[in-house]
Amino acid sequence: MLPAEVLKHPTKIMSAAIRDQFFAEGAAVVENVIDAGWLKRLRAAMDEIIDASRKVSANDGKFVLEDGHGPDTPRLRRLTSPVTHHPTFWEFASQSPAADVAADVCGPDVKFYHSKLNFKWPKGGHKFDWHHDIPAWPHTDYSPMTVGLYLQDCDKEQGPLLAIKGSHEGPMHSMYDKDGNWTLRIQEEDLAAGWQDRVISLEGAAGSLVLLNSRVIHGSARNMSDRMRPLLLNVYSSADSMPYVVNPIPSEYEGRIVRGEAARFASHDPRGCELPPDWSGGYAGPWKHQKREGEDPAAPIM
Ligand SMILES: O=C(O)CCC(=O)C(=O)O
């Protein structure tokens with residue numbers, strides 16, 4: 001569904017002002033919609049998963065590990081597709097106010113696409129270079145968006161999500177380098193002049209939702225604090241927005257309608273989208289592509 005049509009529907013859970021901000025800036029924080037009960041259950045599920053990762057010593061289809069990960073010192077970058085690995089994560093994605101918030105910005109008919117649980121471990125949790133999301137998973141329109149949930153308080157020191165406001169309306173950057181390698185990265189020198197003044201830091205207390213338009217340029221810095229930053233990310237779209245490449249993070253829940261009805265006609269945005277590599281052979285996760293030989297891992301993204 002295109003934005004003009006979405007905006008004809010009143011919001012159910014977000015204030016109209018925050019929704020307007022999301023459409024104008026491409027990102028927003030929504031507070032006080034996820035209660036302590038959800039947080040307690042999600043953290044318990046997360047703790048089970050972290051415990052299970054102690055037995056894992058190499059990246060696999062489930063875990064992406066940070067340097068230094070071991071049985072006594074779990075350090076994770078990502079749990080890939082949490083909805084696949086614990087029923088609480090699917091219950092949250094499909095039955096919590098997160099899906100209602102998605103309906104406020106995608107329109108009343110909402111489809112689930114995929115999920116990930118990104119960590120930044122204390123004292124060195126990885127950075128995430130500037131990028132657009134949608135070229136990794138193009139759809140027939142740009143309604144796909146991410147609803148992130150901070151499972152712990154997240155302040156400036158912990159590497160909160162950062163977005164460049166308004167960049168979702170600007171031209172899309174290529175996610176390939178000049179040699180044709182997929183990098184999912186925009187070099188700072190290629191960003192539009194004055195970008196530093198348009199960076200918004202999407203911090204929030206535990207339970208805050210962070211909304212990201214799939215075109216908006218975003219990233220995050222390293223976590224040099226002594227607190228972990230777990231961020232649960234669920235991607236939704238309007239029901240009538242159709243993916244046209246292989247889902248990099250497939251699950252049995254891909255395409256499930258979580259609010260409203262399935263579509264009979266597809267929605268099309270005339271603006272085309274760069275295509276990713278063919279993910280049918282598997283997807284290694286963004287850090288593998290963003291990694292540069294010899295780069296100082298401590299180099300900030302800003
Ligand atoms: O975890 C983060 O800080 C960034 C996540 C992100 O940008 C993504 O998964 O596309």
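Atoms within each ligand, like the ligands themselves, are counted from 1 in listed order. Residues take their numbers from the sequence shown, with the count starting at 1.
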(message) Only heavy atoms of His131, strictly under 4.0 Å: list the atoms of ligand 1 that pass.
(response) 6 (C), 7 (O), 8 (C), 10 (O)
(message) Are His114 and Trp137 an aromatic pair, judged by ring center distance below 6.0 Å?
(response) yes
(message) Whether Arg41 engages the ring of Trp38 as a cation-pi pair (distance to the six-membered ring centre under 6.0 angstrom, angle to the ring normal within 45°) should be assessed.
(response) yes
(message) Below 4.0 Å from ligand 1: does a non-hydrogen atom of Lys127 turn up there or not?
(response) no
(request) Please identify which atoms of ligand 1 are closer than 4.0 Å to at least one heavy atom of Asn118. (result) 1 (O), 2 (C), 5 (C), 9 (O)
(request) Tell me, with the steps shown, if Arg215 and Asp133 meet salt bridge (charged side-chain N to carboxylate O under 4.0 Å, His left out). (result) CA-CA 6 Å; Arg215 293 172 58 101; Asp133 279 339; over 6 Å; no
(request) Report the part of Leu212 (side chain from C-beta onward, or backbone N, CA, C, O) that has a heavy atom under 4.0 Å from ligand 1; answer both or neither where that applies. (result) neither
(request) May I ask you to decide whether Lys111 forms a salt bridge with Asp109, counting only side-chain N to carboxylate O separations under 4.0 Å? (result) no
(request) Any atoms of ligand 1 less than 4.0 Å from a non-hydrogen atom of Leu161? List them with their elements. (result) 2 (C), 3 (O), 4 (C)
(request) Determine whether the side chain, the backbone, both or neither of Arg229 has a heavy atom under 4.0 Å from any heavy atom of ligand 1. (result) side chain
(request) Determine the interplanar angle of the His218 and His131 rings, folded into 0 to 90°, and report it as parallel if under 30°, tilted if 30 to 60°, perpendicular if over 60°. (result) tilted
(message) Using a 4.0 Å cut-off to any heavy atom of His218, which atoms of ligand 1 qualify?
(response) 6 (C), 7 (O), 10 (O)
(request) Find all atoms of ligand 1 within a distance of less than 4.0 Å from any non-hydrogen atom belonging to Lys120, and give their numbers and elements. (result) 3 (O)
(request) Considering heavy atoms of the protein only, find what lies nearest to atom 3 (O) of ligand 1 and give residue, atom and distance to 0.1 Å. (result) Ser220 OG, 2.5 Å
(message) Taking 4.0 angstrom as the limit and counting only heavy atoms of Arg78, give me the atoms of ligand 1 inside it, by number and element.
(response) 9 (O)
(message) Under 3.5 Å between any N/O of His126 and any N/O of ligand 1: does that happen in this structure?
(response) no
(message) Tell me whether the NZ or CZ atom of Arg256 lies within the 45° cone about the ring axis of Phe112 and under 6.0 Å from its centre.
(response) no
(message) When you compare the side chain of Met172 with that of Glu274, does any pair of heavy atoms fall below 4.5 Å?
(response) no
(request) Please name all residues satisfying side-chain hydrogen bond (donor to acceptor under 3.5 Å, both in side chains) with Asn223, sequence neighbours left out, ordered by chain then number. (result) Ser225
(request) Could you find the nearest protein heavy atom to atom 4 (C) of ligand 1 and give me its residue, atom name and distance? (result) Phe128 CD1, 3.2 Å
